[in-house]
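Read the structure below first, then the notes.
Computation of the quantities below employed the complete heavy-atom set of this structure, encompassing side-chain atoms and omitting hydrogens, waters and symmetry-equivalent molecules. Computed from a predicted structure; not experimentally measured. Naming convention: chains lettered A, B, ... in sequence-line order (proteins, then strands); numbering from 1 in each chain.
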Amino acid sequence: MSAQPSLAASTGVQPLQRDFFARHPRRVARDLLGKVLVRSRNSKNGVGPVVLAARIVEVEAYLGENDPAAHAFAGKTARNSVLFGPPGYAYVYFVYGNHYCLNVSCQREGKAGCVLFRALEPLIGLETMARARGTVLKGPRDLPKLTSGPGRLAEAFGITRARDNGSDMVSPQSGLWIGDDGLYRGRVLITPRIGITKAADQPLRYLVAGNAFVSGRKRVT
DNA sequence: ATATCGATTATCT
DNA sequence: GATAATCGATATG
């Protein structure tokens with residue numbers, strides 16, 4: 001037994017294996033629904049470790065060099081090099097001069113592919129997320145604005161390219177990882193991807209049916 | 001409730 | 001110089 005309980009133990013979440021990500025982005029995207037994104041890092045004022053956790057409820061698959069909408073489409077560059085590396089690593093990019101977006105690499109070295117995180121359902125550390133978002137929680141109505149949308153969830157988790165690009169999302173020690181708590185059951189809905197102009201018709205967006213934290217307008221299904 | 005628009009900068013042509 | 005895997009504010013029904 002270690003002196004401190006492991007983060008996996010304290011959150012009740014077991015990290016995913018590398019193999020999970022060594023598959024086609026469509027498979028990975030589908031199977032990421034219901035898993036848990038965990039942030040752990042030392043706090044600045046030394047009060048204690050910061051732990052954030054949220055359930056993944058909406059993602060999009062990007063298919064690499066054959067997908068006109070993917071950052072990997074034009075080949076490997078300094079910006080997207082993580083996508084061409086091994087699976088299970090964080091690809092963080094900056095967009096519209098304002099926001100960071102989080103992806104996880106898939107498939108295998110040399111074969112780019114990834115999944116974009118679009119919405120989360122907060123589980124642990126809601127107040128910290130609200131602070132990071134520059135808001136104060138007054139009621140349940142405020143919760144979706146914390147983590148519904150790729151830019152919002154990145155801000156809530158304090159994700160930046162400088163800090164997190166290239167992090168190993170299979171290792172709790174990296175401070176940003178994905179795990180399974182075995183609790184989730186939900187129905188999956190598949191729709192076209194959002195906010196893109198190329199290949200906008202392909203159904204590569206995966207979401208949990210009826211979940212209140214999914215981004216975009218409410219939908220009756 | 002839905003539509004439109006401006007902000008702001010890394011990256012690529 | 002143009003564009004962008006977005007968000008929040010403002011305008012309008």
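- Checked against B/dT9, C/dA5, C/dA4, the side chain of A/Arg118 finds its nearest nucleotide in C/dA5.
- A/Arg152 comes within 4.0 angstrom of the backbone, heavy atoms only, and of no base.
- In terms of position along DNA chain C, the nucleotide closest to A/Val115 lies nearer the 5' end than the nucleotide closest to the other residue of the pair A/Glu155 and A/Val115.
- For A/Tyr93 and C/dA5, a side-chain-to-base donor-acceptor distance below 3.5 Å is present, hydrogens and geometry of angles not being considered.
- Distances shorter than 4.0 Å separate some side-chain N or O of A/Thr77 from OP1 or OP2 on B/dC12.
- Here the nucleotide nearest the side chain of A/Arg133, chosen from C/dA4, C/dC7, C/dA5, is C/dC7.
- Residues A/Tyr91 and A/Ser105 form no side-chain contact, since every pair of their non-hydrogen atoms from C-beta on lies 4.5 Å or further apart.
- Between A/Asp67 atom CG and C/dA5 atom P there is a gap of 11 Å when expressed in whole angstrom units.
- Whole-Å rounding puts the A/Phe73 CZ to C/dT3 C1' distance at 16 Å.
- Within 4.0 Å of A/Gly151, counting heavy atoms only, lie sugar-phosphate atoms of the nucleic acid but no base atom.
- DNA chain B is contacted by both A/Gly97 and A/Arg161; A/Gly97 maps to the nucleotide lying nearer its 5′ end (nearest heavy atom per residue).
- A/Arg133 contributes a side-chain N or O that, together with a main-chain N or O of A/Lys145, makes up a donor-acceptor pair within less than 3.5 Å.
- Comparing C/dA5, B/dT11, B/dA7 by their closest approach to the side chain of A/Asn98 singles out B/dA7.
- Rounding to whole angstrom units, OH of residue A/Tyr62 and C1' of C/dA4 are separated by 11 Å.
- Under a 3.5 Å cut-off, the side chain of A/Asp67 and the backbone N or O of A/Gly64 do not form any donor-acceptor pair.
- Rounded to an integer number of Å, the gap from CG of A/Asn165 to C1' of B/dA10 is 13 Å.
- Rounded to whole Å, atom P of B/dC5 lies 15 Å from atom OH of A/Tyr96.
- Taking atom CD1 on A/Ile194 and atom P on C/dA4, their separation rounds to 17 Å, with Å as the unit.
- Remark: side-chain polar atoms of A/Arg163 are paired, donor with acceptor, to backbone N or O of A/Gly158 under 3.5 angstrom.
- When both pairing distances are held under 3.5 Å, C/dT3 makes a Watson-Crick or G-U pair with B/dA10.
- With rounding to whole Å, A/Tyr100 atom OH is found 13 Å from B/dT11 atom C1'.
- Summarising the geometry, the separation between NZ on A/Lys145 and P on C/dA9 is reported as 8 Å, rounded to the nearest angstrom.
- Comparing B/dT11, C/dC7, B/dT9 by their nearest atom to the side chain of A/Phe94 picks out B/dT9.
- Residues A/Leu16 and A/Leu32 meet the side-chain proximity criterion, which asks for heavy atoms closer than 4.5 Å.
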